[in-house]
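Atom set for the values below is all heavy atoms of this structure, side chains included, hydrogens, waters and symmetry mates excluded. Protein chains get the first letters and strands the later ones, always in sequence-line order, with residue 1 at the start of each.
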Protein chains: 2
Amino acid sequence: MALEHAILVSLLEKPGSGYELARRFERSIGYFWTATHQQIYRVLKRMEADGRLDVREVPQRSRPDKKEYSVSALGQACLSEWLHEPIQPESVRHDLAVKIRGAAFDDPAALIQEVERHRRLHGDRLAHYLAGERRDFGASDASAAPDAGRELQHAVLRGGIAYERMMLAWLDDVLATLHRLAPGL
Amino acid sequence: MALEHAILVSLLEKPGSGYELARRFERSIGYFWTATHQQIYRVLKRMEADGRLDVREVPQRSRPDKKEYSVSALGQACLSEWLHEPIQPESVRHDLAVKIRGAAFDDPAALIQEVERHRRLHGDRLAHYLAGERRDFGASDASAAPDAGRELQHAVLRGGIAYERMMLAWLDDVLATLHRLAPGL
DNA sequence: AATGCCATGTAACGAGTTACATGATTGC
DNA sequence: GCAATCATGTAACTCGTTACATGGCATT
């Protein structure tokens, strides 16, 4: 249900086309929500039909024309309403944890490679987040006016960083456990 | 895709009915995967039809009869195959992060209550996990034979604990940011 | 008499994934 | 000539949620 709201937030931050949204979902918005372009186009259509978005055809030179979406007054009201109603925390889903418990019925040592691979992926993501933090929030000018949007974006990014650090520490813990169970490696 | 595998793992740990599985998904298995009874019954039927599970009708006194499912040889082979193929890390989805970034276009102070509510929920879950850890893994007998299944279950639980601790710290960070942006409260 | 637990399910819908399809331009 | 980027979509499918439905037994 929150994809619509994520789109509203992203378009409020800056209007754009479905294609541009899809790219944002691979980057900053992707820190806390993912979506493919197919899904985005489908939802954009519905939201436009419901009057929560406005569209503007933008002709472009040497590129296909695009539809630039922006949030209508109704869309902003919908977002505001959602912000004021309580939501439940996301349910957790970790494939890897299923695998770890499943390893008891297989060879635990076979999992070491897989856990190491995940550790690398999370390390890469952490590095990527930290680079983004330095780029967008580093050396902040203390004399600059405090910008609520910027502060909140930074707080969300710090959440992503904390998550990746936690995962790295936990995966190290899991690896140590696996090595203890399979001393041969 | 991993619900099937989570069911296989749970039934390998102990055979049981759909109803019992649903309750396990509210407890230990629920630390890393959730599912409702409707979904479980549907998947159990498919898995039985595919020959990955065996069923046994168990008549009961003063209770409805139940169907006890257990993993067939084919089911175990399927699980083993899955354990050996690489999976991608779960995509992250945080409603609350969408709300936090959305608060820039609404009243940031209105979010404080909601964030505090989530903080309480995560605190409750952490307490629940820690109680489970004390109950199931506390005061482990060093002379006991090392049990791989037990060790791996504990490692997964430690992941849940680390996650909740990280969330608590991050939500405190978010609350401090919101208070800075809305000094009136 | 009402509530809650045990036990199983169906139906309808919305969310998300994967594969396929098109067509122009830009850079190597 | 080939691949990548920009830009939009359809179709088919699986996964997940919500609401509805049934019915006996045990407890308060």
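- The pair A/K66-A/E20 meets the salt-bridge criterion, with a side-chain N (NZ, NE, NH1 or NH2) lying under 4.0 Å from an Asp/Glu carboxylate O.
- For B/L44 and D/dC15, the CG to P distance is 14 Å, given to the nearest whole Å.
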- Reading nucleotides 23-28 of chain D from 5' to 3' and marking B where a protein heavy atom lies under 4.0 Å of the base, S where only the sugar-phosphate is that close, and - otherwise, the string is B-SS--
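- Across the protein-nucleic acid pair, B/L3 atom CG and C/dT17 atom C1' stand 16 Å apart, rounded to whole Å.
- B/Y163 and A/H94 have perpendicular rings, their planes meeting at more than 60° on a 0 to 90° scale where under 30° would count as parallel.
- In summary, B/R23 and B/E26 do not engage in a salt bridge, as defined by a charged side-chain N under 4.0 Å from a carboxylate O.
- Among the protein residues, B/S17 comes within range of the sugar-phosphate backbone only, with heavy atoms under 4.0 Å from sugar or phosphate atoms but none that close to a base.
- When the P atom of C/dA24 is taken as reference, atom OH of A/Y19 falls 17 Å away, rounded to whole Å.
- For A/R42 and C/dG14, a side-chain-to-base donor-acceptor distance below 3.5 Å is absent, hydrogens and geometry of angles not being considered.
- Mapping B/Q60 and A/T36 onto DNA chain C by nearest heavy atom places B/Q60 at the nucleotide closer to the 5' end.
- For the pair A/Q88 CD and D/dT18 P, the interatomic distance rounds to 7 Å; values are reported in whole Å.
- For A/V55, the side chain to side chain contact (heavy atoms under 4.5 Å, CB included) partners at least two apart in sequence or on another chain are A/E48, A/K67, A/Y69.
- B/Q38 comes within 4.0 angstrom of a base, heavy atoms only.
- Identified under the side chain to side chain donor-acceptor pair (under 3.5 Å) test for residues 122-135 of chain A, with sequence neighbours left out: A/H122-A/E164, A/R125-A/E164, A/E133-A/H154.
- Nearest heavy-atom pair, B/V174 versus A/A155, reported as atom, atom and distance to 0.1 Å: CG2-CB, 4.5 Å.
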